Protein chains: 2
Amino acid sequence: MSGPKLLRKDRPPPKRPQDPDGTRRDILETASREFAMNGLSGARIDEIAARTKSSKRMIYYYFGDKEGLYLAALENAYRTVRDGEAKLETDGLPPPQALRKLVEFTFDHHHEHEDFIRMVMIENIHHGQYLEGSDVIRRLNVTAIDNIASIYRRGVESGDFRAGLDPLELHWQVSALCFFNVSNRATFSKIFSRDMGDVEHQSRLRKNAVEMVLRFVSAQG
Amino acid sequence: MSGPKLLRKDRPPPKRPQDPDGTRRDILETASREFAMNGLSGARIDEIAARTKSSKRMIYYYFGDKEGLYLAALENAYRTVRDGEAKLETDGLPPPQALRKLVEFTFDHHHEHEDFIRMVMIENIHHGQYLEGSDVIRRLNVTAIDNIASIYRRGVESGDFRAGLDPLELHWQVSALCFFNVSNRATFSKIFSRDMGDVEHQSRLRKNAVEMVLRFVSAQG
DNA sequence: GTTGACAAACTAACTATTTCGTACATAGTG
DNA sequence: CACTATGTACGAAATAGTTAGTTTGTCAAC
């Protein structure tokens, strides 16, 4: 489960009685799950400590207090997801296909990272006040615009897309469709007695999201 | 602020030392604000009690426990919003204009009812488990589909809309665009250092949402 | 290479509050 | 007088955070 980074010093330690990096990571991962599951006030420090290989004292040792731990978990969530997104490559493709790929990728990616979605929801409940103090997160996200901005620019130049749209707003629309798909699945499914998370619905909703964005930016229409 | 229902008995009581209906309503409204603001575990019974004209004792008297109060607040939120939505009239309009009006109305309505949005977010964090036991809420929502379903059907008949779309999925897309606009405004604004809630952005996002839905259902394209 | 000092990593038990919920007593109402 | 509505005070459990002390690693000096 844990691969301690080799090649850092001569001896890769097989079992350390003291393992600051490992302990820190273990706490952070456990806390991330608990916060994503229960929210900031819903998560319990004692519960997190119990699920950790470490102890409550260590949580305070490394993260100061509950809010410090929450912020670390929030940054962790953004980092994990944005790192994954960096793998998307669309440079070679014609703009419409590139945009299609981006939407499909975003849709799938959000779908696969429910904990991230939940953390963002939770942070929005708190009016983004913890995110506010984190330059880390801002940096991670601002670059996420570059991709869609470049695709859009190419699309306008090639005549496939209409001009006058704002890449940030485009990103907003894509996010809305993909985010909502995960964030509101529970209430939506229960209200309408349909499991919106099953493969059939997901495949249709994914197709819809793509069509919606493509038709929106399309030059003809 | 409080209009006690007249015409029920001869005398509308001007000042009652004991006022069960008023007390109940006062508690519910206060609780609704607090839960919307802080979530289920974040809200404090003592805090709610303090903001009430009444006392903590009365909360337990009328709502049993914290979860009972939360459920009442959740139902209250859905009821308030769906009651407002019932005012929308689109029967006379040609389908594209009817759909436009529906999207604009939903967009504005969500925008004006942030507390409702927050309650739905909170309930989704809890995997919709409280909503599950509430037939009240299900009933309120299922009828919300009728409107959009009827517009869509008329649109297909008139040749304005393409066939083969699912009204529930259409409702999903509209909801996504309008819901996200409120739910994720905080984090989005802070990450990109733009106030997405100001009038200019809102007006553009609203226009985008309408165009997106109309282009999506359009027969040509 | 052994030692000893110092810092980092870690353990266990404890505390001060907060927070939900309740008993008990009282006042209005029909 | 029975029943509903309400005020006051209290209690038990949960919860964030701490105090005090122990073990482990590092590294320079001998």
Side-chain angles (χ1 to χ4, degrees), chain A residues 2 4-5 8-31 34-35 37-74 122 126 130, chain B residues 2 4-5 8-31 33-35 37-73 122 126 130:
Chain A
S2 67
K5 33 181 154 177
R8 216 199 138 216
K9 296 216 168 181
D10 343 332
R11 31 166 195 176
K15 265 191 221 162
R16 284 203 194 196
Q18 293 192 186
D19 178 14
D21 284 4
T23 302
R24 204 175 191 287
R25 197 163 2 112
D26 178 36
I27 292 173
L28 186 55
E29 280 167 15
T30 308
E34 287 294 304
F35 280 124
M37 204 54 150
N38 307 106
L40 172 52
S41 38
R44 301 294 163 214
I45 292 283
D46 287 286
E47 184 65 24
I48 294 172
R51 292 181 190 273
T52 292
K53 295 188 199 95
S54 180
S55 70
K56 182 157 68 153
R57 180 66 186 79
M58 282 297 95
I59 293 175
Y60 288 95
Y61 183 67
Y62 283 118
F63 299 96
D65 59 8
K66 195 185 184 182
E67 300 196 349
L69 183 59
Y70 169 78
L71 181 57
L74 186 66
I122 289 161
H126 294 285
Y130 297 93
Chain B
S2 68
K5 32 181 152 178
R8 215 198 139 214
K9 296 213 168 181
D10 342 333
R11 30 162 196 179
K15 267 192 217 160
R16 285 204 193 195
Q18 292 190 188
D19 177 14
D21 283 4
T23 302
R24 203 177 192 286
R25 196 161 4 108
D26 177 36
I27 290 173
L28 187 55
E29 281 167 13
T30 307
R33 277 195 301 276
E34 287 293 306
F35 280 125
M37 205 54 149
N38 306 314
L40 173 50
S41 37
R44 301 293 161 213
I45 291 284
D46 287 284
E47 184 64 25
I48 294 172
R51 293 181 190 273
T52 293
K53 294 188 198 96
S54 180
S55 69
K56 184 159 65 156
R57 175 70 185 75
M58 286 295 96
I59 292 175
Y60 288 95
Y61 184 68
Y62 284 118
F63 299 96
D65 58 8
K66 195 185 185 183
E67 300 197 350
L69 182 59
Y70 170 78
L71 180 57
I122 289 161
H126 294 285
Y130 297 94

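Just so it is clear, the structure is predicted and the values come from calculations on it, not from any experiment.
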(message) I'd like to check A/Met58 versus A/Thr52 (side-chain heavy atoms, cut-off strictly below 4.5 Å). Are they in contact?
(response) no

(message) What is the separation between atom CD1 on A/Ile59 and atom P on D/dT18, rounded to the nearest whole Å?
(response) 13 Å

(message) Between P on D/dT6 and CZ on B/Arg24, what's the gap in Å once rounded to a whole number?
(response) 12 Å

(request) Work out which heavy atom in B/Asp26 is nearest to a heavy atom in B/Thr30; give both atom names and the distance. (result) O-OG1, 2.8 Å

(message) Check the phosphate of D/dA5 against B/Thr23, side-chain N and O only, distance under 4.0 Å to OP1 or OP2. Yes or no?
(response) no

(request) Fill in the dot-bracket string of DNA chain D, one character per base: . for unpaired, | for a pair to another strand, ( ) or [ ] for pairs within the strand, taking Watson-Crick or G-U pairs under 3.5 Å. (result) ||||||||||||||||||||||||||||||

(message) For a quick check, with a 4.0 angstrom heavy-atom cut-off, what is the B/S/- contact string for nucleotides 8-13 of chain D, read 5' to 3'?
(response) B-----

(request) Calculate the interatomic distance between A/Leu69 atom CG and D/dA16 atom C1'; express it in whole Å. (result) 12 Å

(message) Using the rule given for side chain to side chain contact (heavy atoms under 4.5 Å, CB included), can you reason through B/Tyr61 versus B/Thr23, listing the C-alpha separation, both sets of side-chain angles and the distance that settles it, and then say yes or no?
(response) CA-CA 11 Å; B/Tyr61 184 68; B/Thr23 302; over 6 Å; no

(request) Taking all heavy atoms of A/Arg44 and all of B/Ser41, pick out the closest pair and write down the distance. (result) NH2-CB, 4.4 Å

(message) Is there a side-chain contact between B/Tyr130 and B/Leu40 in this structure, where contact means two heavy atoms from C-beta onward sitting under 4.5 Å apart?
(response) yes

(request) Could you tell me the separation between the CE atom of B/Met58 and the P atom of C/dT26, rounded to a whole number of Å? (result) 16 Å

(request) Report yes if some heavy atom in the side chain of A/Ile27 is under 4.5 Å from a heavy atom in the side chain of A/Phe63; otherwise report no. (result) yes

(message) What is the separation between atom CZ on B/Phe63 and atom C1' on C/dT22, rounded to the nearest whole Å?
(response) 18 Å

(request) Send over the distance from B/Tyr61 OH to D/dC3 P, rounded to a whole Å. (result) 12 Å

(request) Mind calculating the distance between CD (B/Glu67) and C1' (C/dG21) to the nearest angstrom? (result) 13 Å

(request) Heavy atoms only: give me the nearest B/Ser55-B/Ala49 pair and the separation to one decimal. (result) C-CB, 4.1 Å

(request) Show your working on side chain to side chain contact (heavy atoms under 4.5 Å, CB included) between A/Leu74 and A/Phe35 and close with a plain yes or no. (result) CA-CA 9 Å; A/Leu74 186 66; A/Phe35 280 124; over 6 Å; no

(request) Using atom CG of B/Asp21 as one end and atom C1' of D/dT4 as the other, report the distance to the nearest whole Å. (result) 13 Å

(request) Considering just the side-chain nitrogens and oxygens of A/Tyr62, establish if one lies under 4.0 Å of OP1 or OP2 belonging to C/dC10. (result) yes

(request) Grab the two heavy atoms, one from A/Ala43 and one from A/Asn38, that are nearest each other, plus how far apart they are. (result) N-CB, 3.6 Å

(message) I need the residues from residues 39-49 of chain B with at least one non-hydrogen atom less than 4.0 Å from DNA chain C; give them sorted by number, or say none.
(response) B/Ala43, B/Arg44, B/Ile45, B/Asp46

(message) Can you confirm whether A/Tyr62 sits close enough to A/Leu28 that some side-chain heavy atom of one is under 4.5 Å from a side-chain heavy atom of the other?
(response) no

(message) Whether B/Glu47 and B/Arg51 form a salt bridge (side-chain N of Lys/Arg under 4.0 Å from carboxylate O of Asp/Glu) is what I want to check.
(response) yes

